[in-house]
Q: 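Input: one structure, supplied below.
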Amino acid sequence: QVQLVESGGGLVQAGGSLRLSCAASGRTFSGVVMGWFRQAQGKEREFVAGINLSGTATRYADSVKGRFTISRDNAKNTAYLQMNSLKLEDTAVYYCAADADYIITAQESAYDYWGQGTQVTVSS
């Protein structure tokens, strides 16, 4: 079992930045792929970014490439999502998720554990 708790969400103006954190406990953190997903109101949850066990490989949705950066600190059992140049369309509830596998996937169903989500609102 892995328990995940997100933090760092909030209200930010378009063009601004936020950094989300995902603190993990339970199963060895370094043994899971970490992912970030988001769900905007009225829309399905979508993949945002993923990072492998060692932090040496990442994957991003096209909509966030060049603006968002996923990272992890296995010593602190924490994953991060640095979000820069935020746009109105980035407004959503952001979830971190853990996948007990070695491959980064965008498939929501592959992730075994989920946090409760944190709201990110981008205003004009």
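A quick note: this is a predicted structure, and the numbers were derived from the prediction, not measured.
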Q: More than 12 foreign heavy atoms under 6.0 Å from CD of Gln13: is that the case here?
A: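 Check fails, neighbour count at 12 or below.
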Q: Using only atom types and a distance under 3.5 Å, with no angle test, would you say the side chain of Glu6 pairs donor to acceptor with the backbone of Cys96?
A: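 Confirmed, Glu6 side chain pairs with Cys96 backbone.
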Q: With the 4.5 Å side-chain cut-off for hydrophobic clustering, are Ile70 and Val48 part of the same group?
A: yes
Q: Which atom pair, heavy atoms only, marks the closest approach of Asp90 to Val122?
A: CB-CG2, 4.2 Å
Q: Given side-chain contact (heavy atoms from CB on, under 4.5 Å), test Gln39 with Tyr94 step by step and report yes or no.
A: CA-CA 7 Å; Gln39 186 169 22; Tyr94 283 72; over 6 Å; no
Q: Does the side-chain contact (heavy atoms from CB on, under 4.5 Å) test come out yes or no for Val64 and Arg38, once each step is laid out?
A: CA-CA 12 Å; Val64 306; Arg38 66 186 181 186; 4.0 Å; yes
Q: Considering all heavy atoms of both residues, which atom of Ser17 and which atom of Asn84 are nearest to each other, and what is their separation?
A: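 Where Ser17 meets Asn84 most closely, the heavy atoms are OG-OD1, 2.9 Å.
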Q: If you measure only the distance, is there a donor-acceptor pair under 3.5 Å linking the side chains of Thr56 and Asn52?
A: yes
Q: Strictly by modelled atom types, are Asp73 and Thr78 linked by a side-chain donor-acceptor pair under 3.5 Å?
A: no
Q: Any link between Tyr95 and Leu18 through a network of hydrophobic side chains (Ile, Leu, Val, Met, Phe, Trp, Tyr) touching at under 4.5 Å?
A: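 Different clusters: Tyr95 never reaches Leu18 through Ile, Leu, Val, Met, Phe, Trp or Tyr contacts under 4.5 Å.
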Q: Might you point out which heavy atoms bring Ser54 and Asn74 nearest each other, and give the distance in Å?
A: CA-ND2, 4.5 Å
Q: Under a 4.5 Å side-chain heavy-atom rule over Ile, Leu, Val, Met, Phe, Trp and Tyr, are Ile104 and Tyr102 clustered together?
A: yes
Q: Do the side chains of Trp36 and Ile51 get nearer than 4.5 Å, heavy atoms only?
A: no
Q: Would you say Arg19 and Ser71 make side-chain contact, with heavy atoms under 4.5 Å?
A: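 Arg19 vs Ser71: side chains apart.
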Q: Would you mind reporting whether Ser123 and Val12 have side-chain heavy atoms less than 4.5 Å apart?
A: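 Of all side-chain heavy-atom pairs linking Ser123 with Val12, none is under 4.5 Å.
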Q: Does Leu81 share a hydrophobic cluster with Val120, counting links as ILVMFWY side-chain heavy atoms below 4.5 Å and allowing steps through other members?
A: yes
Q: Shortest non-hydrogen contact from Leu88 to Ser124?
A: CD2-N, 3.6 Å
Q: Between Phe47 and Phe37, what is the ring plane arrangement, given parallel below 30°, perpendicular above 60°, and tilted in between?
A: perpendicular
Q: In the structure I gave you, are the side-chain heavy atoms of Tyr111 and Met34 within less than 4.5 Å of one another anywhere?
A: no
Q: Above 12 or not: heavy atoms from other molecules or residues under 6.0 Å from CD of Gln116?
A: yes
Q: Nearest 0.5 Å please: distance from the CG atom of Leu4 over to the CG atom of Asn77.
A: 10.5 Å
Q: Just do the side-chain contact (heavy atoms from CB on, under 4.5 Å) check on Asp99 and Asp112 with the steps written out, would you?
A: CA-CA 5 Å; Asp99 176 10; Asp112 305 290; 3.5 Å; yes
Q: Evaluate Cys22 against Val5 for side-chain contact (heavy atoms from CB on, under 4.5 Å), listing each step before the verdict.
A: CA-CA 5 Å; Cys22 175; Val5 178; over 6 Å; no
Q: Is the shortest heavy-atom distance from the side chain of Lys87 to the side chain of Arg67 under 4.5 Å?
A: yes
Q: Test of understanding: clusters of I, L, V, M, F, W, Y form through side-chain heavy atoms closer than 4.5 Å, transitively. Do Tyr113 and Leu20 belong to the same one?
A: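 Yes: a chain of side-chain contacts under 4.5 Å links Tyr113 to Leu20.
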